[in-house]
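Labels below follow one simple rule: chain letters A, B, ... track the order of the sequence lines, proteins then strands, and each chain is numbered from 1.
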Amino acid sequence: MMAKSARKYWLLKSEPDSYGIDDLQRDDKTPWDGVRNYQARNSIRDDMHVGDLALFYHSSSDPTGVAGVMEVVGASRFDPTALDPNDHHFDSKATAENPIWSLVDVKFIAKFPKFVTLADLKGDRRFEGMLVLARGSRLSVQPVTEKHFCLVCELGGWKPRT
DNA sequence: GCCAACGTTGGC
DNA sequence: GCCAACGTTGGC
């Protein structure tokens, strides 16, 4: 009998000008495509599993911060946008045999009643050590501890079902 | 393997 | 729009 793997927690960045929490709420489910960084790709491909929860982080917006929560609902698979020459995320090095990049499908869970800004996180010592606060951190797919995940939800005025 | 040049990210 | 930080590329 395989031990059931523990749920993991993540933070996924997107620019709301291109795709934000409202878009996900409208679509209910979306492929999280376009990730073109190897470290982020490895997290998606190797460490994300159905049932994991992720904070939806709005980057390059005013203000930046966490807008809500989504759930991983599909196993990781190759990102087809890498093979599409008309797609903004086309990668000429990707082939059908080796598409290089991966994605997971995510589902809308909640939009926070209160948007949690980056400043909120910076101003709260309980978030010390969180990757998104590290200087120069650009990683668009980050692991988050359960403690930090729950605290962000709390600040957002939303309670995950247990 | 080093490292300069270049491109991108993302907060401000 | 600026620019610091970071990742990738390519010459050597």
Side-chain angles (χ1 to χ4, degrees), chain A residues 8-27 30-48 52-70 72 76-106 108-145 147-158:
Chain A
K8 291 193 175 74
Y9 299 89
W10 305 94
L11 178 148
L12 303 181
K13 294 181 187 173
S14 179
E15 300 186 10
D17 285 349
S18 60
Y19 198 89
I21 190 81
D22 292 333
D23 298 299
L24 182 59
Q25 183 164 28
R26 179 199 62 222
D27 296 343
T30 197
W32 199 265
D33 56 22
V35 172
R36 295 293 178 267
N37 168 282
Y38 283 103
Q39 196 178 344
R41 190 276 313 265
N42 291 347
S43 290
I44 288 174
R45 190 189 58 186
D46 305 333
D47 295 329
M48 277 195 185
D52 286 1
L53 294 178
L55 301 171
F56 194 132
Y57 183 87
H58 282 183
S59 62
S60 298
S61 60
D62 190 14
T64 62
V66 181
V69 171
M70 53 198 156
V72 176
S76 65
R77 55 189 174 92
F78 290 130
D79 180 349
T81 65
L83 299 175
D84 179 359
N86 296 316
D87 194 280
H88 182 247
H89 298 289
F90 174 65
D91 180 356
S92 59
K93 293 194 295 302
T95 63
E97 293 73 31
N98 180 20
I100 304 179
W101 305 109
S102 296
L103 61 76
V104 286
D105 294 288
V106 294
F108 176 84
I109 297 294
K111 178 179 177 176
F112 286 161
K114 284 182 298 182
F115 185 85
V116 181
T117 69
L118 182 61
D120 291 335
L121 301 180
K122 281 181 172 170
D124 189 330
R125 296 198 52 187
R126 292 177 296 178
F127 293 109
E128 254 175 37
M130 198 172 173
L131 279 176
V132 76
L133 301 183
R135 199 168 67 105
S137 163
R138 307 189 323 191
L139 196 57
S140 62
V141 175
Q142 306 180 353
V144 174
T145 64
K147 175 168 156 278
H148 284 156
F149 181 89
C150 292
L151 271 172
V152 172
C153 292
E154 194 181 308
L155 292 192
W158 180 77

| message | Can you confirm if the aromatic rings of A/F56 and A/W10 lie within a centre distance of less than 6.0 Å? | response | no

| field | Pairing residues for A/T117 by the side-chain hydrogen bond (donor to acceptor under 3.5 Å, both in side chains) criterion, not counting sequence neighbours | value | A/D120

| Residues two or more places apart in sequence or in another chain: which of them pass side-chain hydrogen bond (donor to acceptor under 3.5 Å, both in side chains) with A/D87? | none

| query | Taking it one step at a time, do A/D79 and A/R41 satisfy salt bridge (Lys or Arg N to Asp or Glu O under 4.0 Å)? | reply | CA-CA 10 Å; A/D79 180 349; A/R41 190 276 313 265; over 6 Å; no

| message | What is the separation between atom CG on A/D120 and atom C1' on B/dG11, rounded to the nearest whole Å? | response | 15 Å

| query | In whole angstrom, what separates A/D17's CG from B/dG11's P? | reply | 13 Å

| request: Output the residues of residues 79-96 of chain A in contact with DNA chain B, where contact means a heavy atom of the residue under 4.0 Å from an atom of the strand; sort by number or write none. | output: none

Is there a donor-acceptor pair closer than 3.5 Å between any side-chain N or O of [X] and the backbone N or O of [Y]?
X	Y	answer
A/S14	A/Y19	yes
A/K8	A/M48	no
A/S137	A/L131	yes
A/H148	A/Y9	no

| Looking at residues at least two apart in the chain, or sitting in another chain, which of them share a salt bridge (Lys or Arg N to Asp or Glu O under 4.0 Å) with A/D23? | A/R26

| With pairs taken as Watson-Crick or G-U wobble and both distances under 3.5 angstrom, which stems of at least three consecutive pairs involve DNA chain B? | B:1-12 with C:1-12

With 3.5 Å as the limit, what N/O pairs link the protein to nucleotides 6-9 of chain B?
residue : atom : partner : partner atom : Å
B/dT8   : O2   : A/R138  : NH1          : 2.7

| message | Working to the nearest 0.5 angstrom, can you tell me the gap between A/D22 CG and A/H58 NE2? | response | 7.0 Å

